[in-house]
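Below is one structure; the comments refer to it alone.
The first residue in the sequence is number 1, and the count goes up from there.
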Amino acid sequence: MKVTGTAHMVGDHIDTDAIIPARFLVTTDTATLGANCMEGLEAGWVKRVKPNDIIVAGDNFGCGSSREHAPISILGAGIPVVVAKSFARIFYRNGFNMGLVLLEVGDDIARIRDTDRIEVDTATGVIRNLTTGDEITCAPVPPFMQNILDEGGRVEYAKRRLA
């Protein structure tokens with residue numbers, strides 16, 4: 001999968017309550033959650049986002065609670081990929097389970113700036129910064145996990161396999 005979009009930088013230790021505050025957890029509707037994505041970080045943050053834009057985060061993105069609503073809200077905002085220095089372990093698992101691509105690049109995250117245009121190739125693990133011409137390589141999404149993502153996450157994958 002290749003995705004090209006604008007980088008939206010967020011900092012270190014962005015927790016799930018910043019991604020989708022508890023007051024919005026009264027629904028599992030993807031569009032409603034997406035309309036409130038990052039509302040705990042900055043009111044109206046999602047209004048800057050266009051389909052296929054990419055969150056670029058610092059260390060420990062998605063820390064906090066285990067709410068599945070967090071990756072669902074990111075997907076609902078039209079963001080298919082998060083690139084980060086590192087992810088909180090349970091968020092990493094929930095992201096893939098819900099169909100959200102997560103790529104960890106370590107200290108190379110500093111090579112991407114807010115509003116840079118980037119292209120992410122999940123099959124090769126290559127992230128091209130179209131603004132600067134720079135290229136970052138990380139571990140690609142393994143084919144078996146890409147199959148799960150292509151189905152919309154683990155639950156949808158299982159439904160199709162059991163039908």
Side-chain angles (χ1 to χ4, degrees), residues 1-21 24 30 33-142 145-146 148-150 152-153:
M1 173 174 100
K2 280 190 181 180
V3 177
T4 302
T6 300
H8 294 277
M9 298 293 296
V10 297
D12 294 330
H13 310 291
I14 301 299
D15 66 26
T16 53
D17 202 46
I19 297 168
I20 189 71
F24 299 113
T30 303
L33 291 169
N36 296 291
C37 183
M38 295 295 183
E39 196 66 19
L41 181 66
E42 175 189 325
W45 181 92
V46 76
K47 292 176 183 171
R48 294 195 294 265
V49 174
K50 294 180 179 60
N52 289 327
D53 280 355
I54 299 163
I55 291 176
V56 178
D59 193 34
N60 200 29
F61 183 80
C63 57
S65 72
S66 62
R67 63 181 71 154
E68 289 91 354
H69 294 76
I72 294 170
S73 74
I74 293 169
L75 288 165
I79 299 168
V81 178
V82 179
V83 176
K85 180 176 181 179
S86 68
F87 293 96
R89 185 176 56 180
I90 197 158
F91 179 84
Y92 188 81
R93 179 65 177 245
N94 281 341
F96 279 98
N97 284 347
M98 298 297 122
L100 179 63
V101 177
L102 305 171
L103 295 175
E104 195 168 270
V105 299
D107 290 334
D108 284 336
I109 202 68
R111 296 164 59 191
I112 304 172
R113 301 282 179 226
D114 195 43
T115 72
D116 282 353
R117 293 283 296 166
I118 59 175
E119 176 189 78
V120 176
D121 186 336
T122 63
T124 63
V126 174
I127 301 166
R128 288 183 181 85
N129 188 323
L130 303 176
T131 302
T132 66
D134 202 4
E135 190 172 284
I136 298 168
T137 303
C138 64
V141 175
M145 288 181 74
Q146 189 61 58
I148 292 169
L149 291 166
D150 291 344

Side chain [X], main chain [Y], donor-acceptor under 3.5 Å:
X    : Y    : value
T122 : V141 : no
D59  : D12  : no
E39  : G44  : yes
T131 : R117 : yes
N36  : I20  : no

Self-check item: Partners meeting ring-ring contact (aromatic ring centres under 6.0 Å, His included) with Y92 (sequence neighbours left out)
Solution: F87, F96
Exercise. Applying side chain to side chain donor-acceptor pair (under 3.5 Å), name anything that partners D114, two or more places apart in sequence or on another chain.
Key: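 Counting only residues at least two positions away or on another chain, D114 forms no side chain to side chain donor-acceptor pair (under 3.5 Å).
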Exercise. Tell me, with the steps shown, if V56 and I118 meet side chain to side chain contact (heavy atoms under 4.5 Å, CB included).
Key: CA-CA 10 Å; V56 178; I118 59 175; 4.0 Å; yes
Quiz item: Would you say R89 has more than 12 foreign heavy atoms packed within less than 6.0 Å of its CZ?
Solution: no
Please name the pair of heavy atoms, one in [X] and one in [Y], separated by the smallest distance, quoted to 0.1 Å.
X   : Y    : result
V81 : V120 : CG1-CG1, 4.2 Å
G58 : A84  : O-CB, 3.7 Å
I19 : S73  : CG2-OG, 3.5 Å
G40 : P21  : N-CG, 3.3 Å
R48 : H8   : O-CE1, 3.6 Å
D15 : A18  : OD1-N, 2.8 Å

Exercise. Run the salt-bridge test on R67 and D17 with the 4.0 Å N-O cut-off and return the result as yes or no.
Key: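 Yes, charged N to carboxylate O under 4.0 Å.
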Quiz item: Are the charged groups of D108 and R111 less than 4.0 angstrom apart, N to O?
Solution: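 Salt bridge flag = yes for R111 with D108.
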Quiz item: With a 3.5 Å cut-off and no angle check, do the side chains of S86 and N60 form a donor-acceptor pair?
Solution: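 Not at all, the side chains of S86 and N60 share no donor-acceptor pair under 3.5 Å.
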Exercise. Find out whether W45 and V10 are in side-chain contact, i.e. whether some heavy atom of one side chain is under 4.5 Å from a heavy atom of the other.
Key: yes
